[in-house]
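To keep things clear, I will list the structure first and then write my remarks on it.
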Amino acid sequence: MAVYFDHRIEAPESNGPPCQIAWHSTHPVLAVASASSTAGGCVDLYLQQGEHVASCHVERSLQPSVLRWHPSRSTLAVGWESGEVLLLTHPAGEQSSLPATHSACVTLLDWSSTGSRLVTGDQMGVLALWKLDPRGRVQGSCIVKHEYGKALTYSVFRPLPPGEDVIQLARAAVSGDENALDMFNWRKAGKGASLKLGSLEGLTFFVSTADGHVHCVDEKGKSSPVLTVDSPVQKLLYLEKRDVLAVITETLMLSQYSLGPEGGAQELIKVKLSGKSGQLADIAWANHGLLITATGEQVIR
């Protein structure tokens, strides 16, 4: 039997109504963005029992637009309507703004799998890619910048193909497989194949625009068009096990594409999802390719 406890967050009285929340995937900390039509907006951090972290309060004259946690560090990227992108560190409350790059509302923020790269994009179609050091600090100006002319709506990184399955290799070595043993034994020079683990992180990513275009930005920063759909893209999802890119539009059309190693995409399937079109939807992959959608109805599909 499961037992649940609820804790009301201890929000400052001056805060406006909450408009966004983001829970860190590995640390017990919650980010809450609040907005006010008269006083701008703010971002606050709270611990798992609702305690307010006073050192991590940020206010601006305009409202926050996007919240994204670093995948492993307690660093929150905050996008604002002004175009500012702020990095907020918990629990010290250190704040650092990225060099001015966006002059319109920030519409997307996305971290690579280990957090060494940060993608930022705005309503005017300006996209920037930033490199961060191991401490989570931005290293100079953006390393890539593209202008697409339309509002950027979503982005997703493409994982690299896995290297050798180390677990299976270790089991084979324990059972007496000589080839597997040689891969782990660095002293046997020239005998057996070297152990290849592959790169730690995929740096190629896809970005979509409000006019239905999807572009690919490769590891060298080169951008190329990949595909076009009939209405604005509201979500990109990547099914790693099948190496498939899924595109969901505002009209709830779901298309799946296989991706070639040299670029290009081939449509595999196209279906209409049930739900109310034209509304902000929350859509996510669950395990084994199960798609869960909440589209403004009293039903989660």
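Computation of the quantities below employed the complete heavy-atom set of this structure, encompassing side-chain atoms and omitting hydrogens, waters and symmetry-equivalent molecules. Given the structure is predicted, the values throughout are model-derived calculations rather than measurements.
- Y148 and S223 share a donor-acceptor pair across their side chains, judged by distance under 3.5 Å alone.
- With 3.5 Å as the limit, one finds a donor-acceptor pair spanning the side chains of H102 and T120.
- With values rounded to the nearest 0.5 angstrom, L237 atom CG is found 9.5 Å from Q256 atom CD.
- With hydrogens and angles ignored, the 3.5 Å screen pairs a side-chain donor or acceptor of T101 with a backbone N or O of P99.
- In the displayed structure, I21 atom CD1 is contacted under 6.0 Å by at most 12 heavy atoms of other residues, nucleotides or ligands.
- Between V244 and L268 the shortest side-chain heavy-atom distance falls below 4.5 Å.
- Across T249 and Q234, no two heavy atoms sit closer than the pair O-NE2, 3.2 Å.
- In this structure, a donor-acceptor pair under 3.5 Å is absent between the side chains of S65 and E81.
- For the atom pair S255 OG and D230 CG, the distance stands at 8.0 Å (nearest 0.5 Å).
- For CD of Q266, the number of neighbouring non-hydrogen atoms (other residues, nucleotides, ligands) closer than 6.0 Å is 12 at most.
- Using a distance-only test at 3.5 Å, with no hydrogens or angles considered, no donor-acceptor pair links the side chain of R60 to the main chain of G41.
- With contacts defined as side-chain heavy-atom distances shorter than 4.5 Å, the pair V214/L236 qualifies.
- In this structure, the side chains of P12 and D44 come closer than 4.5 Å at one or more pairs of heavy atoms.
- Closest non-hydrogen pair, E10 versus Y46, comes out as O-CE2, 3.7 Å.
- H7 NE2 to L47 CG: the interatomic distance, rounded to the nearest 0.5 Å, is 11.5 Å.
- E297 CD to S274 OG: the interatomic distance, rounded to the nearest 0.5 Å, is 8.0 Å.
- Nearest heavy-atom pair, K272 versus M253, reported as atom, atom and distance to 0.1 Å: CD-SD, 3.4 Å.
- Scanning all heavy atoms of the two residues, the minimum distance from L252 to G275 falls at CD1-C, 3.6 Å.
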Determine whether T107 and T153 satisfy the following criterion, side-chain contact (heavy atoms from CB on, under 4.5 Å), listing intermediate values before the conclusion.
CA-CA 6 Å; T107 55; T153 58; over 6 Å; no
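- Remark: side-chain polar atoms of E84 are not paired, donor with acceptor, to backbone N or O of S82 under 3.5 angstrom.
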Would F205 and D110 count as a side-chain contact (heavy atoms from CB on, under 4.5 Å) here? Give the steps.
CA-CA 10 Å; F205 63 93; D110 195 14; 5.7 Å; no
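- Just one residue in the list L87, V43, T89, L86 forms a side chain to side chain contact (heavy atoms under 4.5 Å, CB included) with L76, and that residue is V43.
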Going through the distances and angles, do K222 and D218 end up as a salt bridge (Lys or Arg N to Asp or Glu O under 4.0 Å)?
CA-CA 6 Å; K222 180 183 177 181; D218 64 20; over 6 Å; no
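- Nearest heavy atom pair, residue A246 against residue W285, reads CB-CZ2, 3.9 Å.
- E250 CD to K235 NZ: the interatomic distance, rounded to the nearest 0.5 Å, is 13.5 Å.
- Judged by distance alone, the side chains of T295 and T293 never bring a donor and an acceptor atom under 3.5 Å apart.
- Counting heavy atoms from C-beta outward, L291 and L254 have side chains that approach closer than 4.5 Å.
- The main-chain N or O of P232 is never found under 3.5 Å from a side-chain atom of H213 such that the two would form a donor-acceptor pair.
- A distance-only check finds a donor-acceptor pair linking the side chain of S208 to the backbone of Y154 [under 3.5 Å].
- A 6.0 Å sphere centred on CG of L290 holds more than 12 heavy atoms belonging to other residues, nucleotides or ligands.
- The list of ring pair (Phe, Tyr, Trp, His ring centres under 6.0 Å) pairs with a residue in residues 109-131, not counting sequence neighbours, reads H70-W111.
- Minimum interatomic distance between S155 and L108 (heavy atoms only, all atoms of both residues): OG-CD1, 3.7 Å.
- Side-chain N or O atoms of H24 include one that pairs as donor or acceptor with a backbone N or O of T26 at under 3.5 Å.
- Of the inter-residue distances, the one linking L203 atom CG with K131 atom NZ reads 9.5 Å to the nearest 0.5 angstrom.
- D243 and Y238 share a side-chain donor-acceptor pair at under 3.5 Å.
- For the residue pair H57 / S55, no side-chain donor-acceptor distance below 3.5 Å is found, with atom types taken as modelled.
- A donor-acceptor pair under 3.5 Å is absent between the side-chain atoms of H27 and the main chain of H90, judged by distance alone.
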